Q: 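Structure below; questions to follow.
Letters A, B, ... mirror the listed sequences (proteins, then strands); counts begin at 1. Predicted model only: the values in this text are computed from it and were never measured.
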Amino acid sequence: MKANPNLKTNQGIDWRQVIMPSVLSIVFFTLVTGALYPAVITGLAQAIFPRQAKGSLITNADGTVIGSELIGQQFSNPAYFWGRLSATSPVAYNGAASSGSNYGPLSPALIGPDGLVQSRIKALEEANAAGGVTVDTPIPVDLVTASGSGLDPHISPAAAQYQIARVAMLRGVSAVEVKALVDQFTEGRGLGVLGEARVNVLMLNVALDKQYPLPAATKP
Amino acid sequence: MTFSGVLQLVIYMAVLLLLVKPLGSYMAHVYEGTSGVNRVFRPLERGIYRLLGTREDLQMNWKTYALAFMLFNFIGLLVVYGLQRVQASLPLNPAGMGPVSMESSFNTAVSFATNTNWQGYGGEYTMSYLTQMLGLTVQNFVSAASGMAVLVALIRGLRGRTAQTIGSFWVDLTRSVLYILLPLAALVAIILVSQGTVQTFDTYTTAQVVDATALTNADGSAVITQTLAVGPAASQIAIKQLGTNGGGFFNVNSAHPFENPTPLSNFVELLSILLIPAALCYTFGKMVGDPRQGWAVLAVMVIIFVVLLAGVYLAEQAGNPQFSAKVDQVTTEFNPGGNMEGKEARFGIAPSTLWAAATTAASNGSVNSMHDSYMPLGGLVPMWLMQLGEVIFGGVGSGLYGMLMFAIVAVFIAGLMVGRTPEYLGKKIEAYEMKMASLVILIPCAVVLIGTATAVVSEGGLATIYNPKPAAHGFSEVLYAFSSAGNNNGSAFAGLGANTPFYNTALGLAMWFARYWLAIPTLAIAGSLAAKKVVPASEGTLPTHTGLFMAMLIGVVIIVGALTFIPALALGPIIEHILLIGG
């Protein structure tokens with residue numbers, strides 16, 4: 001280990017090693033990590049995974065972008081599958097302002113009689129009534145709670161199962177056919193073990209509209 | 001507790017621990033200048049030092065090292081502040097973001113320079129792409145590298161050589177960025193993009209929604225479009241995870257499907273949180289010439305981590321007893337079950353709670369679920385992991401140097417018990433080292449408690465509590481915020497409205513104290529120990545790689561954390577838990 005010629009003792013400060021290198025280092029690392037690095041990654045990403053890098057967009061038959069595979073949308077017509085509750089503002093599923101509800105576990109806004117959970121239970125029961133179906137299984141928890149992002153595109157397979165009878169009835173098709181479509185849009189756990197199995201609500205509803213269009217009477 | 005949940009936690013720990021030795025050994029070689037990459041890139045490295053006005057062999061004493069660290073960070077802070085203030089008139093601002101307010105810019109600049117990455121703002125509606133890249137991404141790299149540099153300096157002080165100097169900050173910084181952080185970040189970024197994380201300079205996309213009758217605007221008109229915020233996210237997320245930064249590209253951080261699209265991306269991001277902090281333990285052992293020393297410290301971290309992880313996992317998996325009986329919270333193969341409020345369907349309980357524990361054990365602070373909506377005891381765990389001083393893995397570099405301060409205190413206490421002068425790795429621990437180590441341990445405690453106390457008796461502090469009912473939860477929001485800022489974590493009970501003059505200023509100051517008033521005493525110890533002669537081990541020396549020492553160290557960390565924070569925790573999560581079970 002060579003001694004620093006600018007430092008006579010352990011007590012002094014070698015200012016020449018402090019001031020200019022600080023300024024120059026900021027410039028250097030800004031260029032390398034702030035400009036070069038993101039630019040190279042963007043180039044590589046666009047070359048290897050162009051679809052993912054741009055946001056996994058989905059388009060309809062005439063090429064209009066109708067959403068992203070990864071970002072949920074709001075559905076309130078009982079003839080569609082419903083997704084997670086979304087706490088984004090000013091409207092649900094605002095893709096430009098992600099947010100969770102941030103309600104505490106004892107917050108009246110969550111568990112109170114007019115809270116998130118109770119209102120959703122009521123809405124689901126009304127939707128079942130509109131479809132003329134009775135579902136006697138309890139409601140899976142992910143269907144009455146807000147996602148962390150407010151943009152969650154998925155629900156659990158149980159939450160999809162809960163809605164199959166209603167959707168089938170309102171679209172005038174058999175539950176078996178709808179179930180087959182649900183299965184098609186169900187993904188298993190990552191590598192068989194990571195995370196949870198899930199159903200992509202947006203993709204499922206798009207496919208529903210294509211295969212089993214809404215009867216004209218219930219169309220908005 | 002479910003089989004698949006536990007299996008995921010076991011796989012995670014196994015993969016993490018398998019990577020410790022290879023990466024830790026590589027990093028040791030990088031800092032010694034003896035790795036393959038050092039040899040290959042030596043001409044380039046020398047060129048960089050010349051460019052920066054320094055030389056590889058210009059050693060620094062601790063004061064010069066500390067000043068270089070401080071000034072470099074301070075200039076970086078000014079750059080981040082300035083970029084936010086003038087971003088409206090700079091390029092790469094396709095969404096047309098305006099200038100950020102003065103106090104929010106100050107808070108964010110301190111936040112990113114101190115490796116805290118607390119966010120008072122929402123990325124997708126505040127920051128231009130240019131600010132995210134040139135400001136935030138750069139600090140993600142260099143604040144992490146600064147922490148690693150300070151650790152390496154401390155290791156040089158601890159190892160068995162007598163010297164007046166502790167290395168060169170510029171060399172340690174450059175090697176951390178170029179040989180460790182950049183290659184890992186590039187790899188992780190590409191993996192993330194393959195999963196669906198966005199990486200583009202295009203402006204936000206507008207989609208025509210599938211059901212145009214589902215929503216209405218405030219004026220009664222139908223919502224027919226959805227704006228999809230995108231951006232160069234993957235490159236920033238990779239380093240925010242690896243550098244224990246945690247500041248998300250988007251408001252909800254890694255809960256956002258564009259930041260963390262799949263369970264696999266989640267696993268990679270999770271691994272990136274603890275990877276470097278864990279591996280640095282091995283680096284430490286190798287650099288002091290006794291890998292057992294590193295394993296012992298790592299074992300202490302793992303033991304505390306696993307116990308607390310089990311706590312948060314069980315609390316969340318149990319679900320919310322206050323929910324209606326019509327709701328099914330039982331976990332099955334088809335239903336995640338548990339407390340799903342604020343959690344994503346693709347992750348479920350185990351990966352969400354593993355993240356909550358990892359991100360607060362390390363001073364990462366990114367989130368993939370909303371901690372504010374955790375069950376009371378589920379929220380207590382992340383809060384307490386931060387309050388332990390961010391030494392259970394902790395920040396890259398800073399976590400281990402914090403833990404080594406606890407190790408110094410532990411040998412001191414052991415020395416008192418047997419009536420011998422304490423020593424650590426052959427260096428005598430004397431009054432000066434004890435004073436400095438005590439500062440490192442006590443300053444964050446003081447910052448957290450004084451900050452919380454001030455906030456809950458002031459109008460500005462109380463005004464933006466989001467969950468005032470029950471009051472214990474509101475108190476938890478404030479306690480969490482100061483625990484996070486005062487330990488450079490950055491996660492939040494995000495309901496708390498922190499983008500106010502009060503919180504931007506108070507938390508900004510907390511972050512500042514927590515970073516520099518810890519790093520400087522640490523470097524002072526490095527300088528003081530470096531100058532000491534090595535005392536040969538004798539029969540009375542306490543070996544610091546044994547189970548006995550590990551138990552001592554666990555005891556010191558837990559006792560300090562418990563004595564300091566249990567009264568405060570009793571006012572927040574513990575009361576809330578009693579309310580919950582009492583109905």
Side-chain angles (χ1 to χ4, degrees), chain A residues 2 4 10 13-14 18 20-22 24-26 29-30 33-34 38 41-42 45 49 52-56 64-68 70 73-76 91 95-98 100 102 104-107 111 121 138-142 144-145 147-149 152 154 156-158 190 194-196 198 220, chain B residues 52-54 57-59 61 63-64 67-68 71-72 75 133-134 138 141-142 164 170 189 193 196 198-199 207 209 211 213-215 226-230 232 235 250-252 255-257 261 263-264 322 328-329 334-336 340-342 344-348 369-370 372 375 467 473 494-495:
Chain A
K2 247 193 267 176
N4 180 345
N10 191 24
I13 288 164
D14 180 2
V18 173
M20 273 320 277
S22 291
L24 295 170
S25 295
I26 281 293
F29 286 112
T30 299
T33 64
I41 297 294
T42 307
F49 305 108
Q52 289 94 325
K54 286 179 170 36
S56 309
T64 311
V65 174
I66 56 167
S68 160
L70 295 174
Q73 291 183 12
Q74 175 75 10
F75 293 96
S76 53
V91 293
S98 53
N102 285 316
L106 282 176
S107 166
I111 58 168
I121 293 173
I139 307 169
V141 63
D142 57 315
V144 298
T145 46
S147 63
S149 62
D152 194 343
H154 298 113
S156 66
L194 302 175
E196 294 286 340
R198 59 214 182 273
Chain B
L52 303 183
T54 182
D57 58 357
L58 276 182
Q59 293 279 321
N61 60 24
K63 286 178 185 165
T64 308
L67 271 167
L71 185 65
F72 173 71
I75 298 172
M133 288 161 53
L134 288 189
V138 172
F141 276 99
V142 297
Q164 297 299 311
W170 305 117
V193 176
V198 292
Q199 180 72 26
V209 298
D211 182 3
T213 62
L215 289 170
Q226 182 186 42
T227 303
L228 299 170
V230 291
S235 54
F250 301 106
N251 185 41
V252 293
H256 199 296
L264 185 61
Q322 301 281 334
D328 184 3
Q329 296 186 74
F334 308 105
N335 181 356
M340 282 299 285
E341 180 63 31
E344 298 283 295
R346 62 192 177 282
F347 305 143
S369 58
M370 296 299 119
D372 212 345
M375 301 310 296
N467 283 288
H473 194 87

Q: Decide yes or no for A:R198 and B:P336: does some side-chain heavy atom of the first lie under 4.5 Å from some side-chain heavy atom of the second?
A: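 When only atoms from C-beta onward are counted, B:P336 and A:R198 do not touch, as no gap falls below 4.5 Å.
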
Q: Please state whether the side chain, the backbone, both or neither of B:F347 comes within less than 4.5 Å of a heavy atom of chain A.
A: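 Only the backbone of B:F347 comes within 4.5 Å of chain A.
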
Q: To check you understand the geometry: which heavy-atom pair defines the closest contact between A:I13 and B:T64, and what is its length?
A: CA-OG1, 3.5 Å

Q: Among A:P138, A:S68, A:S107, which residue forms the greatest number of heavy-atom pairs with chain B at distances under 4.5 Å?
A: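 Of the options given, most contacts go to A:P138.
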
Q: Can you tell me which portion of B:N251 sits under 4.5 Å from chain A's heavy atoms? Options are side chain, backbone, both or neither.
A: both

Q: Heavy-atom distances under 4.5 Å only: say whether B:V209 touches chain A with side chain, backbone, both or neither.
A: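 Both the backbone and the side chain of B:V209 come within 4.5 Å of chain A.
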
Q: Could you tell me the separation between the OG atom of A:S147 and the NE2 atom of B:H256, rounded to the nearest 0.5 Å?
A: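 Going from the OG atom of A:S147 to the NE2 atom of B:H256 covers 10.0 Å.
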
Q: Starting at CD1 of A:I66, measure out to CD of B:Q226 and round the result to the nearest 0.5 Å.
A: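 If we round to the nearest 0.5 Å, A:I66:CD1 and B:Q226:CD are 11.0 Å apart.
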
Q: Below 4.5 Å, heavy atoms only, C-beta onward: do A:P105 and B:Q322 meet side chain to side chain?
A: no

Q: Out of A:S76, A:A45, A:A96, return the one with the most heavy atom pairs under 4.5 angstrom to chain B.
A: A:A96

Q: In terms of heavy-atom pairs under 4.5 Å with chain B, which of A:I26, A:V91, A:I111, A:D142 leads?
A: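 Top count of heavy-atom pairs under 4.5 Å with chain B: A:I26.
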
Q: Can you see which heavy atom on A:S98 is nearest to which on B:F250, and at what distance?
A: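 Taking A:S98 first and B:F250 second, the nearest heavy atoms are OG-CB, 4.2 Å.
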
Q: Can you name the nearest heavy-atom pair linking A:K54 to B:V230, along with the distance?
A: O-CG1, 4.2 Å

Q: For the interface with chain B, which of A:G55, A:P157, A:P140 has the highest count of heavy-atom pairs at distances below 4.5 Å?
A: A:P157

Q: Sort out for me which of B:P232, B:P257, B:S369 touches chain A most, counting heavy-atom pairs under 4.5 Å.
A: B:P257

Q: Less than 4.5 Å apart, side chain to side chain, heavy atoms only: is that true for A:V144 and B:M340?
A: no

Q: Mind checking the CZ-CG spacing from A:F75 to B:L215? Nearest 0.5 Å is all I need.
A: 10.0 Å

Q: Between A:S56, A:P38, A:G190, A:A53, who has the most heavy-atom pairs with chain B when the cutoff is under 4.5 Å?
A: A:A53

Q: B:A255 and A:G148: which non-hydrogen atoms are nearest, and at how many Å?
A: CB-C, 4.2 Å

Q: Considering only heavy atoms and a distance below 4.5 Å, find which of B:E344, B:H473, B:M375, B:M370 pairs most often with chain A.
A: B:E344

Q: What are the two closest non-hydrogen atoms of B:R346 and A:D152, and how far apart are they?
A: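 Minimum heavy-atom contact is NH1-OD1, 3.9 Å.
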
Q: Using non-hydrogen atoms and a 4.5 Å limit, figure out which bit of A:T64 sits close to chain B: side chain, backbone, both or neither.
A: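 Only the side chain of A:T64 comes within 4.5 Å of chain B.
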
Q: Return the minimal non-hydrogen interatomic distance between B:G495 and A:N102, and the atom names on each side.
A: N-CG, 3.5 Å

Q: Under 4.5 Å from any heavy atom of chain A, what part of B:T227 do you find: side chain, backbone, both or neither?
A: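 Contact with chain A: backbone and side chain both.
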
Q: With a 4.5 angstrom heavy-atom cut-off, which part of A:I121 approaches chain B: side chain, backbone, both or neither?
A: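 Contact with chain B is through the side chain of A:I121 alone.
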
Q: Which distance, rounded to the nearest 0.5 Å, do you find between the CG of B:L71 and the CE of A:M20?
A: 11.0 Å

Q: At a heavy-atom distance under 4.5 Å, which candidate from B:G53, B:G196, B:A229, B:A189 has the highest pair count against chain A?
A: B:G196

Q: Do you know which of A:G67, A:G100, A:A158 has the most heavy-atom pairs under 4.5 Å to chain B?
A: A:A158

Q: Side chains of A:I41 and B:Q199, heavy atoms from C-beta outward: is any pair under 4.5 Å?
A: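 Result yes, sub-4.5 Å side-chain heavy-atom pair found.
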
